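Only a predicted model underlies this, so the values are computations on that prediction, with no experimental measurement involved. The chains referred to below are lettered A, B, ... by the order of the sequence lines, with proteins before strands, and numbering in each begins at 1. Computed from heavy atoms alone, side chains included, the values below leave out hydrogens, waters and symmetry copies.
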Number of protein chains: 2
Amino acid sequence: MRKHHDVEIYSILTANQDDTFVTNEIEEADLEYGGIPGDLHFGLTKFAGSRESMYERGTEIFNRRQISIVSVEECALIAEELKVEQILPEWLGANIALKGFGNLTKLTPGSRIIFPSGAGILCEGENLPCTQPGEVIQNKYPDISRLTTSFVKTSLGQRGIVGVVECPGKIVAGDTARLILNHTAD
Amino acid sequence: MRKHHDVEIYSILTANQDDTFVTNEIEEADLEYGGIPGDLHFGLTKFAGSRESMYERGTEIFNRRQISIVSVEECALIAEELKVEQILPEWLGANIALKGFGNLTKLTPGSRIIFPSGAGILCEGENLPCTQPGEVIQNKYPDISRLTTSFVKTSLGQRGIVGVVECPGKIVAGDTARLILNHTAD
């Protein structure tokens with residue numbers, strides 16, 4: 001029997017505006033292979049960028065960053081360490097914010113999030129911080145200096161995970177989902 | 001700069017017979033999204049089985065087990081512990097046998113194997129042992145008792161990994177490939 005934890009789907013979000021990776025809350029989404037249709041990061045493939053420097057820039061590769069997931073607990077920790085009022089999941093471009101599993105970023109790859117519909121997301125590991133969300137946070141708190149770079153440093157290890165859609169289906173904000181931990185890490 | 005290791009592509013193999021998962025050596029393969037075309041495990045999706053018991057049996061899900069990879073060093077260790085002459089990668093249904101990175105099974109998910117053609121495989125983690133290869137090994141050494149079950153126990157943590165094709169392209173036996181370690185595990 002695999003270890004599991006129940007978690008709340010605190011919010012579902014999508015980057016559906018042309019000019020930004022910042023996401024907006026939606027009530028529900030129909031996951032497809034590739035992610036959330038219409039989302040900035042949707043696709044079974046993507047073009048290699050600075051995160052995939054082992055490939056020539058622009059090479060078409062499999063997209064392991066279909067869905068970005070954060071925990072509200074880790075967002076609160078980042079806010080506390082940055083001494084700002086709050087860090088919202090949308091500023092980080094998150095697609096899903098979970099509540100009830102604070103240590104989300106350390107979730108072992110190969111773990112799953114299983115939704116009441118039967119839909120499932122496969123954890124591909126930590127989402128390494130970059131400066132873009134730091135710039136958004138800096139703009140929200142213009143009176144605090146150096147937030148862009150301190151976000152990158154502070155959020156390492158607590159900025160959430162990326163994953164791929166393992167089983168398509170509906171996900172609904174407010175629902176309870178089940179985290180199934182990959183026991184090969186025990 | 002990510003840590004990396006050069007490894008030898010000791011052999012390439014495919015399960016291209018109807019009645020068995022046992023693989024046969026081939027000189028080269030053209031990786032596509034989904035794996036090695038014609039191979040038993042080829043496909044961007046698969047049907048959920050006992051390894052994916054979080055889904056109803058038979059549900060179509062993303063295939064994270066496209067390619068199975070072993071190291072010849074770990075195969076030798078398993079043989080030594082089972083007190084048999086050898087354990088061949090084909091008996092384990094491996095698609096690729098690597099030489100030069102003995103601790104392959106502990107490779108962090110998110111690590112890559114990059115081939116001279118530019119093709120790349122993304123590590124999805126340990127391939128947990130099951131009894132099927134144990135039965136093959138038992139048949140090879142009929143005079144030694146209980147090999148089927150002792151294989152499962154002995155090979156845990158040294159039976160190799162599974163992965164997905166991240167970038168399609170040719171792979172050739174005898175070539176040197178580069179293992180790029182996922183540094184988020186440091």
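A 6.0 Å sphere centred on CZ of A:Phe101 holds more than 12 heavy atoms belonging to other residues, nucleotides or ligands.
Between chain B and the residues A:Gly125, A:Gly120, A:Pro168, the most heavy-atom pairs under 4.5 angstrom are made by A:Gly120. For the set A:Arg112, A:Glu56, A:Glu166, the count of heavy-atom pairs under 4.5 angstrom toward chain B peaks at A:Glu166. Listed options B:Leu44, B:Asn63, B:Ile114 were ranked by heavy-atom pairs under 4.5 angstrom with chain A; first place goes to B:Ile114.
Residue B:Glu60 touches chain A through both its backbone and its side chain, counting heavy-atom pairs closer than 4.5 Å. When heavy atoms are compared at a cutoff of 4.5 Å, B:Val164 approaches chain A solely by way of its side chain, counted from C-beta outward. Contacts of B:Glu124 with chain A are made by side-chain atoms alone, with heavy-atom separations under 4.5 Å and no backbone atom involved. For a residue to count as touching a neighbouring chain, one of its non-hydrogen atoms must lie under 4.5 Å from one of that chain's; by this rule B:Leu122 touches chain A with the side chain only.
Using a cutoff of 4.0 Å between basic side-chain nitrogens and carboxylate oxygens, A:Arg57 and A:Glu52 are not scored as salt-bridged.
The CG atom of A:Leu40 sits 10.5 Å away from atom CZ of A:Arg65, with the distance rounded to the nearest 0.5 Å.
At least one donor-acceptor pair under 3.5 Å links the side chain of A:Arg51 to the backbone N or O of A:Leu128. Proximity of a side-chain donor or acceptor of B:Asp39 to a complementary backbone N or O of B:Thr14 within less than 3.5 Å is not detected.
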Can you check ring pair (Phe, Tyr, Trp, His ring centres under 6.0 Å) on B:Phe42 and B:Tyr33, steps first, answer last? CA-CA 9 Å; B:Phe42 178 79; B:Tyr33 294 120; over 10 Å; no
